[in-house]
Amino acid sequence: MTDPKIQKVARSLSLGLGLSLGSFFVVPAQAQELDGEAVRLLALKGTWEAEHAEYGLWNWNDDGTVCLRLGNKDGDCADTGTWTITDNVLCYELTWWGETVDERKNCFTVQLLDGGRFETLFHGGVMVSRMFVFEVLE
């Protein structure tokens, strides 16, 4: 049986760590995670335009392919790949984009923000971090 004093210290450390991490990765209170079917419908609704240009414009196709455009929503794909959804998580794999920062393959959940905006949240181990915020162009 573990000493109650040790259990109390462990709970305090655990709570402190959780509060510390929470201060670095704050998810807005109004954010709502979409389920897998809602993510699929959102993906097929139109082009996802990231707020920061380096994340580009994403077209998720019904056949499981993805087209990433950089700079121009009507231009050729800068990179292509595949995507799937398992549970509430969308995963993609591109051919070259993001290779230098280990984002060629990635998985994320999508949360609804305010004003028709969404955010993608990368789940890596115990850390949760925002990848990019986007709007859907129809």
Side-chain angles (χ1 to χ4, degrees):
M1 186 85 160
T2 306
D3 183 339
K5 289 180 184 178
I6 294 173
Q7 288 178 342
K8 184 177 180 181
V9 170
R11 279 193 301 271
S12 295
L13 288 173
S14 202
L15 177 61
L17 179 60
L19 291 174
S20 295
L21 290 175
S23 66
F24 290 110
F25 301 102
V26 176
V27 177
Q30 74 274 17
Q32 176 185 349
E33 183 174 297
L34 303 180
D35 67 24
E37 180 60 13
V39 172
R40 187 184 75 75
L41 292 173
L42 186 65
L44 299 176
K45 183 177 181 180
T47 301
W48 291 8
E49 180 179 34
E51 284 186 351
H52 297 287
E54 66 269 13
Y55 279 101
L57 298 125
W58 298 79
N59 286 99
W60 312 95
N61 303 308
D62 197 28
D63 66 357
T65 60
V66 61
C67 168
L68 171 65
R69 290 180 176 82
L70 301 172
N72 183 348
K73 76 175 191 161
D74 298 320
D76 292 336
C77 300
D79 199 1
T80 58
T82 58
W83 67 283
T84 59
I85 295 176
T86 304
D87 297 325
N88 296 345
V89 179
L90 186 150
C91 295
Y92 68 81
E93 182 173 353
L94 298 170
T95 58
W96 68 269
W97 184 84
E99 184 76 41
T100 58
V101 290
D102 200 28
E103 288 185 9
R104 189 176 70 80
K105 295 178 174 181
N106 223 326
C107 295
F108 55 81
T109 57
V110 176
Q111 292 196 6
L112 173 63
L113 298 176
D114 56 358
R117 296 169 45 234
F118 299 85
E119 71 179 341
T120 58
L121 294 174
F122 165 73
H123 293 257
V126 296
M127 301 294 227
V128 176
S129 60
R130 176 182 279 172
M131 289 176 53
F132 61 90
V133 174
F134 68 93
E135 291 185 12
V136 179
L137 307 175
E138 296 186 45

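Panel note: side chain D79, backbone W97; a donor-acceptor pair is recorded below 3.5 Å. Looking at N61, its side chain never comes within 3.5 Å of a backbone N or O of D63 through a donor-acceptor pair. The backbone N or O of T65 lies less than 3.5 Å from no partner atom in the side chain of T82, so there is not a single donor-acceptor pair. Side-chain N or O atoms of D35 include none that pairs as donor or acceptor with a backbone N or O of N88 at under 3.5 Å.
Among pairs with a residue in residues 102-121, those fulfilling ring pair (Phe, Tyr, Trp, His ring centres under 6.0 Å) read F118-F134, at least two apart in sequence or across chains.
Checking T47 against N59 by side-chain atom types alone, a donor-acceptor pair falls below 3.5 Å.
In this structure W60 satisfies the ring pair (Phe, Tyr, Trp, His ring centres under 6.0 Å) test together with W48, W58, W83, sequence neighbours excluded. Scanning for salt bridge (charged side-chain N to carboxylate O under 4.0 Å, His left out) contacts around E54 gives an empty result, with sequence neighbours left out. Listed by chain and number, the residues in a salt bridge (charged side-chain N to carboxylate O under 4.0 Å, His left out) with K45 are E138 (sequence neighbours excluded).
Under a cut-off of 6.0 angstrom, the local environment of CG in D87 is sparse, with at most 12 non-hydrogen atoms contributed by other residues, nucleotides or ligands.
The two residues R69 and D76 come nearest to each other via the heavy atoms CG-O, 3.7 Å. Residues A78 and W96 come closest through the heavy atom pair O-NE1, 3.0 Å.
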Kindly indicate, with the supporting measurements, whether the criterion salt bridge (charged side-chain N to carboxylate O under 4.0 Å, His left out) is fulfilled by E99 and R104. CA-CA 5 Å; E99 184 76 41; R104 189 176 70 80; 2.7 Å; yes

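Cluster annotation: V89 is not connected to L94 through the hydrophobic network of ILVMFWY side chains, with a link wherever side-chain heavy atoms come within less than 4.5 Å.
Hydrophobic cluster membership for L57: L137 (Ile, Leu, Val, Met, Phe, Trp, Tyr linked by side-chain heavy atoms under 4.5 Å, directly or transitively). Grouping Ile, Leu, Val, Met, Phe, Trp and Tyr residues whose side-chain heavy atoms lie under 4.5 Å apart, directly or via other members, leaves L41 alone, with no other cluster members.
Distance CG/D62 to CZ/R40: 6.5 Å, rounded to 0.5 Å.
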